[in-house]
Amino acid sequence: QAEEDRLAVLKPEKRLEGMREDGIAGECIFPTIALQVWMLESPEGGQASCRIYNDYIYDQLQRHSPRFKCAGIVPTWSPEMAVEEVEHIAELGLGAIMLPAMANPMWNHRQWGPMWDAIERTGLPVAMHQGTGHPMRAFRGPGATVANNLYIQSMAPQVATLLATSGVLADHPGIHVVLVEFNVGWMAWTNETMDNSDIAFRRYDEFISYGGKKGQPSVYPDLEHPPSYYAKRQIHSTFARDTVGIGNIALTGPDMLMFGSDYPHEEGTYPHSREVVAEQAKLIPDPAIARKIFRENALEVFKFDPAEVTPLV
């Protein structure tokens, strides 16, 4: 029965029924089992798996309703593979490009330049789901389950900072990156820390230059704006319940926050998303800001047609 229930949510009518019940007007759909694809050792097997999944999810869900924005997964065993699949995802008509949160080499490496260029040409957002591209367990033993959850979520500030400080976001202003299920409480601290660190290390570079020992600067490239400028403009993260993140909207701005129900997982908000949203919206004095966080940010980033995602009744 459990397997039947899991497979049932791949039926368009089942998902639309669940959305109607839960008050969801449009949804961004990410893989579950397929999130492990980046742990495969065979590049060829990984590439084939990504292509099969992308073709399947387009045919199974994406093409059936403008309320669906399905993410296509990208093989990251080489930049060439990645570029080819990014272009295929766009040609298919999928709604987002999915990369692992962690890569080897990491996303600030110059080898990924052609991939970022290709992604920007598509106009599609990038999604990075927590727990992807790395082992899920760093700790074992007493308390490890909760500690592992924090370990996984701690990768969000690392990824956001690298994308902002490396110039990836500055060089590709058309790219929006959505960090999925990482929550949002880390954002205010990260924005402040990356800016303060940027200033401090640039001062360090100036100091050592007095002694004539300056080689390559410790902070590069030289960005036009503080790193948080790019993060606030192009980084978003999803949450279900996060009072810390909501409490820091004055520091992050509302554009970085995006509600996610995590349907159909048991830890998600289904079938109580209306109540969860109403409960958290009460913490936001300005209704226009609440509307951005719980509707408009996802609508704009994932390019839903507003006329097609009116409330389901």
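Just so you know, these numbers use all the heavy atoms, side chains as well, and skip hydrogens, waters and symmetry mates. Worth saying up front: this structure is predicted, and the values here are computed from it rather than measured.
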Quick one, [X] and [Y] - any side-chain contact, counting heavy atoms below 4.5 Å?
{"X": "Thr269", "Y": "Val277", "answer": "no"}
{"X": "Glu120", "Y": "Pro173", "answer": "yes"}
{"X": "Leu312", "Y": "Arg67", "answer": "yes"}
{"X": "His176", "Y": "Glu300", "answer": "no"}
{"X": "Leu257", "Y": "Lys292", "answer": "no"}
{"X": "Leu124", "Y": "Lys303", "answer": "no"}
{"X": "Trp186", "Y": "Ser154", "answer": "no"}
{"X": "His265", "Y": "Thr32", "answer": "yes"}

Do [X] and [Y] sit in one hydrophobic cluster, given that two such residues count as connected whenever their side-chain heavy atoms are within less than 4.5 Å of each other, even indirectly?
{"X": "Leu40", "Y": "Met136", "result": "yes"}
{"X": "Trp77", "Y": "Met115", "result": "yes"}
{"X": "Tyr58", "Y": "Leu16", "result": "yes"}
{"X": "Val178", "Y": "Tyr263", "result": "no"}
{"X": "Val219", "Y": "Leu163", "result": "no"}

Within a radius of less than 6.0 Å around [atom1] of [X], do more than 12 heavy atoms belonging to other residues, nucleotides or ligands occur?
{"X": "Arg137", "atom1": "CZ", "value": "no"}
{"X": "Phe139", "atom1": "CZ", "value": "yes"}
{"X": "Glu41", "atom1": "CD", "value": "no"}
{"X": "Glu224", "atom1": "CD", "value": "no"}
{"X": "Gln111", "atom1": "CD", "value": "yes"}

### Query
Under 3.5 Å, is there a donor-acceptor pair linking the side chains of Tyr270 and Glu21?
yes
Of all heavy-atom pairs between [X] and [Y], which one has the smallest distance, and what is that distance?
{"X": "Asp195", "Y": "Ser228", "value": "OD2-OG, 2.5 Å"}
{"X": "Ala160", "Y": "Leu179", "value": "CB-CD1, 4.5 Å"}
{"X": "Ile97", "Y": "Val86", "value": "CD1-CG1, 3.8 Å"}
{"X": "Phe68", "Y": "Pro12", "value": "CZ-O, 3.9 Å"}
{"X": "Thr165", "Y": "Pro221", "value": "O-CD, 3.4 Å"}
{"X": "Ile73", "Y": "Pro31", "value": "CG2-CG, 3.8 Å"}

### Task
Look at the aromatic rings of Phe302 and Phe304 and report parallel, tilted or perpendicular, splitting at 30° and 60°.
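It falls in the tilted class, 30° to 60°.
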Working to the nearest 0.5 Å, report the span between [atom1] of [X] and [atom2] of [Y].
{"X": "His236", "Y": "Ile293", "atom1": "NE2", "atom2": "CD1", "result": "12.5 Å"}
{"X": "Thr132", "Y": "Glu181", "atom1": "OG1", "atom2": "CD", "result": "10.5 Å"}
{"X": "Asp55", "Y": "Gln62", "atom1": "CG", "atom2": "CD", "result": "12.5 Å"}
{"X": "Glu13", "Y": "Ser65", "atom1": "CD", "atom2": "OG", "result": "11.5 Å"}
{"X": "Asp171", "Y": "Leu223", "atom1": "CG", "atom2": "CG", "result": "8.5 Å"}
{"X": "Phe30", "Y": "Thr238", "atom1": "CZ", "atom2": "OG1", "result": "7.0 Å"}

Is the backbone of [Y] close enough, under 3.5 Å, to the side chain of [X] for a donor and an acceptor to pair up by distance?
{"X": "Gln47", "Y": "Pro75", "answer": "no"}
{"X": "Arg63", "Y": "Asp59", "answer": "yes"}
{"X": "Asn148", "Y": "Ala138", "answer": "yes"}
{"X": "Gln280", "Y": "Ala290", "answer": "no"}
{"X": "Asp22", "Y": "Arg274", "answer": "no"}
{"X": "Asn108", "Y": "Ser166", "answer": "no"}
{"X": "Asp198", "Y": "Pro226", "answer": "no"}
{"X": "Asp286", "Y": "Ala288", "answer": "yes"}
{"X": "Asn248", "Y": "Val244", "answer": "yes"}
{"X": "Thr252", "Y": "Ala188", "answer": "no"}

### Task
Please lay out, stage by stage, how Glu85 and Asn54 fare under the test side chain to side chain contact (heavy atoms under 4.5 Å, CB included).
CA-CA 9 Å; Glu85 197 61 28; Asn54 294 339; 2.9 Å; yes
#### Entry: Contacts of Thr193 that satisfy side-chain contact (heavy atoms from CB on, under 4.5 Å) - sequence neighbours left out
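Expected list: Trp189, Ser197.
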### Query
Could you go step by step and tell me if Tyr230 and Met194 meet the side chain to side chain contact (heavy atoms under 4.5 Å, CB included) rule?
CA-CA 11 Å; Tyr230 304 101; Met194 71 169 77; over 6 Å; no
### Task
Quick one: do Met155 and Gln130 satisfy side chain to side chain contact (heavy atoms under 4.5 Å, CB included)? Show the steps, please.
CA-CA 8 Å; Met155 291 174 185; Gln130 66 142 294; over 6 Å; no
### Task
Starting from the C-alpha separation in whole Å, work towards a yes-or-no answer on salt bridge (charged side-chain N to carboxylate O under 4.0 Å, His left out) for Arg121 and Asp117.
CA-CA 6 Å; Arg121 287 194 297 271; Asp117 293 342; 5.3 Å; no
### Task
In plain terms, say whether Lys232 and Asp255 are close enough for a salt bridge, that is, a side-chain N and a carboxylate O under 4.0 Å apart.
no
### Task
List the steps and the verdict of side chain to side chain contact (heavy atoms under 4.5 Å, CB included) for Asn191 and Leu251.
CA-CA 9 Å; Asn191 287 345; Leu251 299 175; over 6 Å; no
